[in-house]
Amino acid sequence: MGWFTAITLIVTFCIIDMFDTIGTLVGTASRAGMLDKDGKMPNMKQALLSDAVGTLAGSVTGTSTVTTFVESASGVEAGGRTGLTALTTGIMFLACIFIAPIAGIIPAAATSSALIYVGVLMVAGLKNVDFDDICQALPVALMMIAMPISGSIGHAIGIGLITYTVIKVFTGKAKDVSVLTYVLSLIFLLKFFIVA
């Protein structure tokens, strides 16, 4: 029983981290105009590999999780798209390591405006949703509700996938859903109702 629980937890965390990263990458790339004509992100494999290496390196060194954050959208909006912005930011953080205790006295209210701006950028993507189509509107609405409640983009994507699949099946459009979507919906159902 102990091994099963450990493996289930590892798989669950991997799936949640993967969907958090994919959601963030696609959202940020969309704001930067870096998606191709089909709405897919080029070089997704390299971006996910970079995130995985960062997560692994961070966990080995004992830091908080090193991963892709949606706050990156504000940097992309300002014009940082090549990686030089991230490198410069990293160097500045390294230089500021000695004044970290001083930064700790800045209240959260002073930095919250940046998160509000990022939220506005995320909401702007709703213009691409066809709200006349219940198969799109309901999953998106539930994702918007689930994201702040759960604090996880991955959980919200899981709820959206499950809702989308259920609606398609019950409206007689089950053939429109890909096999991968069925598999991912099943995995999220197991995660939400059995593992959690």
Side-chain angles (χ1 to χ4, degrees), residues 8-32 34-35 38-41 44-45 47-48 50-52 54-55 58 64-77 108 111-171 173-174 176-196:
T8 305
L9 286 172
I10 290 168
V11 169
T12 299
F13 282 129
C14 286
I15 289 172
I16 294 302
D17 184 56
M18 180 181 72
F19 275 99
D20 276 342
T21 303
I22 290 172
T24 302
L25 285 172
V26 172
T28 305
S30 173
R31 293 300 300 167
M34 297 173 77
L35 300 180
D38 298 323
K40 296 180 180 178
M41 183 179 162
M44 177 69 94
K45 182 179 177 182
L48 289 173
S50 173
D51 181 75
T55 302
S64 58
T65 307
V66 178
T67 187
T68 310
F69 287 102
V70 76
E71 287 84 352
S72 304
S74 57
V76 168
E77 282 287 314
T111 58
S112 60
S113 57
L115 295 178
I116 292 170
Y117 177 65
V118 169
V120 170
L121 294 178
M122 291 175 67
V123 171
L126 291 176
K127 69 179 182 290
N128 301 320
V129 177
D130 180 8
F131 284 102
D132 292 329
D133 181 6
I134 191 69
C135 295
Q136 287 186 38
L138 186 58
V140 168
L142 290 177
M143 286 171 63
M144 287 178 58
I145 294 167
M147 202 176 301
I149 290 174
S150 68
S152 169
I153 295 173
H155 285 144
I157 291 173
I159 289 169
L161 279 171
I162 293 167
T163 307
Y164 175 78
T165 304
V166 168
I167 291 172
K168 285 289 192 179
V169 168
F170 284 104
T171 55
K173 300 175 183 174
D176 294 348
V177 182
S178 69
V179 175
L180 180 60
T181 304
Y182 280 118
V183 170
L184 291 173
S185 298
L186 179 62
I187 290 171
F188 272 109
L189 277 171
L190 292 173
K191 186 255 179 282
F192 291 144
F193 294 107
I194 294 178
V195 176

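- The minimum heavy-atom distance linking Leu126 with Phe131 is given by the pair O-CE1, 3.7 Å.
- Rounding to the nearest 0.5 angstrom, the gap separating the CD1 atom in Ile159 from the OG atom in Ser185 is 12.0 Å.
- Residue pairs meeting the side chain to side chain donor-acceptor pair (under 3.5 Å) criterion with at least one partner in residues 131-143, sequence neighbours excluded, are absent.
- Between Ile167 and Thr171, the shortest heavy-atom contact is O-OG1, 2.7 Å.
- To the nearest 0.5 Å, the span separating CG on Leu142 from OG1 on Thr163 amounts to 4.5 Å.
- Here the straight-line distance linking atom CD1 of Ile162 with atom OG1 of Thr181 works out to 12.0 Å at 0.5 Å rounding.
- Nearest heavy atom pair, residue Ile134 against residue Pro139, reads O-CD, 3.6 Å.
- A pairwise comparison of heavy atoms in Ala47 and Leu25 identifies CB-CD1, 3.7 Å as the closest pair.
- Taking both residues in full, the closest heavy atoms of Val177 and Tyr182 are given as O-CE1, 3.6 Å, listed atom of the first, atom of the second, then distance.
- Between Tyr164 and Asp176, the shortest heavy-atom distance links the atoms OH-O, 4.4 Å.
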### Worked verdict on Met143 versus Ile157 for side chain to side chain contact (heavy atoms under 4.5 Å, CB included)
CA-CA 6 Å; Met143 286 171 63; Ile157 291 173; 4.1 Å; yes
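- Pairs passing the ring-ring contact (aromatic ring centres under 6.0 Å, His included) check and including a residue from residues 132-154, sequence neighbours excluded, do not occur.
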